[in-house]
Amino acid sequence: MSPALAKSSEKLKNEIEDNYHKGVKYLHESGIQKVPKKYIFPISERPNSYTINGNPQVTSKHNLKLPIIDFAQLYGPNRAQVLDSLSYACENYGFFQLINHGIPEEVIKSMVDVGGRFFDLPLVEREKYMTTDMTTPVRYGTSFNQTKDGVFCWRDFLKLVCDPLPQVLPHWPSSPSDFREMAVTYSKETKILFIKLVEAILESLGINVATKNKTQQNDDDDDDEMLKEFEDGSQLMAVNFYPPCPNPDLTLGMPPHSDYGFLTLLLQDEVEGLQVKCNDDWVTIQPIPNAFVVNVGDHLEVRDNFRV
């Protein structure tokens, strides 16, 4: 290669890397062969690594089977045992996997499919929703917090505010053409599941807020008011996209963090990568098809001293 061509190639590479704010899908589609410096974490913060006396070490890959809660069993003769398991999982893990949750498989597959098709849109379509304004009903972005991150994470995302739905829906992406329909169905189904989970978790704490017949007189107005707050509470949906990374040992899809809400319902795909901190070790969660990984958020931890 002539010096002129080498210089031109290097200039093109620098231009691509300087456009990191456009997201990692843009970088991936640009054909980069190495992770840009903006995404390289310090050795001690890289995947599967830790330090002893300041010296970086590499861990072997750990897999963890989280407690599994069979949601259907909550509505049968084993409810008491399931509530005990639910309380134990929240207190000792801060996470559990939820199976037989009642959301149709087709609803889940449709949301995954339409989310993928959104990220397949040309950048000019996706970046219509790119903003650093965290108060907007829809926000497309990259990394974890692109206005504050010193080192960027290998993630693009689309975040949708789901309440109040009639007001926010007109702002949601209209392409793909079925995006709004699929996302509305998914958000409604997960909101119903969230409320039922909240009822079960609070019941496991001795607080009975189960939905009651509205004509029934009772002295549990405070409990009813608590449940109403959850029903009227905010809901945020995040669709995360992690394209192939040329150097996955140098970067992270997300930094260590806790979720600030009450509960997070995370739909994990078949690709292992999700990790949680358990007994001071970062361990990889084994995916279960169509199960939700449920994460105790900061609000629930503060209220009930659950573990996160």
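Since the structure is predicted, the reported quantities are computational estimates derived from the model, not experimental observations.
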Checklist entry - What closest approach, in Å, do T136 and V161 show between heavy atoms, and which atom pair accounts for it? => result O-CG2, 3.8 Å

Let me check something: any side-chain donor-acceptor pairs from residues 100-107 under 3.5 Å, sequence neighbours excluded? List them with distances.
unit_1, atom_1, unit_2, atom_2, d
N100, ND2, D70, OD1, 3.0
N100, ND2, D70, OD2, 3.1
H101, ND1, I103, N, 3.1
H101, NE2, N290, O, 2.6
E105, OE2, K109, NZ, 2.9
E106, OE2, S110, OG, 3.2

Next on the checklist: With a 4.5 Å cut-off on side-chain heavy atoms, are T264 and V294 touching?
Outcome noted: no

Checklist entry - Honestly curious: do V35 and F144 fall in one hydrophobic cluster under the side-chain, below-4.5 Å linking rule? => result no

Item to check | D156/R126 salt bridge by N-O under 4.0 Å criterion | outcome: no

Checklist entry - If we only count heavy atoms from C-beta on, is the T251 to I40 side-chain gap below 4.5 Å? => result no

Checklist entry - On the ring face of Y75, is R79 found with NZ or CZ under 6.0 Å from the centre and within 45° of the axis? => result yes

Checklist entry - Any side-chain donor paired with an acceptor under 3.5 Å for D133 and T135? => result yes

Checklist entry - Which class fits the ring pair F262 and F194: parallel under 30°, tilted 30 to 60°, perpendicular over 60°? => result perpendicular

Checklist outcome for this item: Between A238 and K159 the two heavy atoms that sit nearest each other are CB-CG, 4.0 Å

Next on the checklist: Rounded at 0.5 Å granularity, tell me how far CG in L74 sits from CG in L197.
Outcome noted: 7.5 Å

Next on the checklist: Does atom NZ (K188) have a neighbourhood of more than 12 heavy atoms from anything else shown, all under 6.0 Å?
Outcome noted: no

Checklist entry - Shortest non-hydrogen contact from P256 to W282? => result CB-CZ2, 3.7 Å

Item to check | Ion pair check, D149 and K38, cut-off under 4.0 Å | outcome: no

Checklist entry - Do S85 and I68 have side-chain heavy atoms sitting under 4.5 Å apart? => result no

Item to check | Evaluation steps, side chain to side chain donor-acceptor pair (under 3.5 Å), between T147 and N145 | outcome: CA-CA 6 Å; T147 60; N145 186 335; 2.7 Å; yes

Item to check | Contact summary for P137 and W172, nearest pair of heavy atoms | outcome: O-NE1, 4.1 Å

Item to check | Among P246, P244, C245, side-chain contact (heavy atoms from CB on, under 4.5 Å) partner for H28 | outcome: P244

Checklist entry - Between C153 and P255, which heavy-atom pair has the shortest distance, and what is it? => result SG-CD, 3.3 Å

Item to check | Straight-line distance of F118 CZ to Y140 OH, nearest 0.5 Å | outcome: 6.5 Å

Item to check | Side-chain donor-acceptor pair present, T284, E272, cut-off under 3.5 Å | outcome: no

Checklist entry - Are S187 and Q235 side-chain neighbours, meaning at least one heavy-atom pair lies under 4.5 Å? => result yes

Next on the checklist: Quick check against the 3.5 Å criterion: does R180 have a side-chain atom that pairs as donor or acceptor with the backbone of P170?
Outcome noted: yes

Checklist entry - Given V24 and F241, is the side-chain contact (heavy atoms from CB on, under 4.5 Å) satisfied, shown in steps? => result CA-CA 9 Å; V24 290; F241 183 81; 5.5 Å; no

Checklist entry - If you take all heavy atoms of K65 and Q286, which pair is closest and at what distance? => result CE-OE1, 3.5 Å

Next on the checklist: Regarding S87 and E91, do their side chains bring together a donor and an acceptor under 3.5 Å, going by distance alone?
Outcome noted: yes

Next on the checklist: Would Y93 and L66 count as a side-chain contact (heavy atoms from CB on, under 4.5 Å) here? Give the steps.
Outcome noted: CA-CA 8 Å; Y93 287 85; L66 290 176; 4.3 Å; yes

Checklist entry - Should the pair Y39 and F152 be assigned to parallel (<30°), tilted (30 to 60°) or perpendicular (>60°) ring geometry? => result perpendicular

Checklist entry - Hey, is the main chain of R155 close enough, under 3.5 Å, to the side chain of T142 for a donor-acceptor pair? => result yes

Item to check | W154 side chain to P243 backbone, donor-acceptor under 3.5 Å | outcome: yes

Checklist entry - Do the non-hydrogen side-chain atoms of V112 and D269 ever get within less than 4.5 Å of each other? => result no

Item to check | Polar side-chain atom of Q268 near backbone of I288 as donor-acceptor pair, under 3.5 Å | outcome: no

Next on the checklist: In this structure, would V114 and F157 fall into the same cluster of hydrophobic residues linked by side-chain contacts under 4.5 Å?
Outcome noted: no

Checklist entry - Would you call L252 and F41 a side-chain contact if the rule is heavy atoms closer than 4.5 Å? => result yes

Checklist entry - Would you say the side-chain atoms of D163 and S234 include a donor-acceptor pair closer than 3.5 Å? => result no

Next on the checklist: Please determine whether side-chain contact (heavy atoms from CB on, under 4.5 Å) holds for the pair N247 and K34, giving the CA-CA distance in whole Å, both sets of side-chain angles, and the decisive distance to 0.1 Å.
Outcome noted: CA-CA 6 Å; N247 305 106; K34 295 181 180 179; 3.9 Å; yes

Next on the checklist: Between L160 and L236, does the side-chain contact (heavy atoms from CB on, under 4.5 Å) criterion hold? Intermediate values first, please.
Outcome noted: CA-CA 6 Å; L160 305 171; L236 179 68; 5.7 Å; no

Item to check | Contact check, side chains of P176 and L121, non-hydrogen atoms, under 4.5 Å | outcome: yes

Checklist entry - Do Y88 and V293 belong together in a cluster built from hydrophobic side chains that touch within less than 4.5 Å? => result yes

Checklist entry - Do Q97 and I285 come close enough that some side-chain heavy atom pair is under 4.5 Å? => result yes

Checklist entry - Is the backbone of G261 close enough, under 3.5 Å, to the side chain of D259 for a donor and an acceptor to pair up by distance? => result no

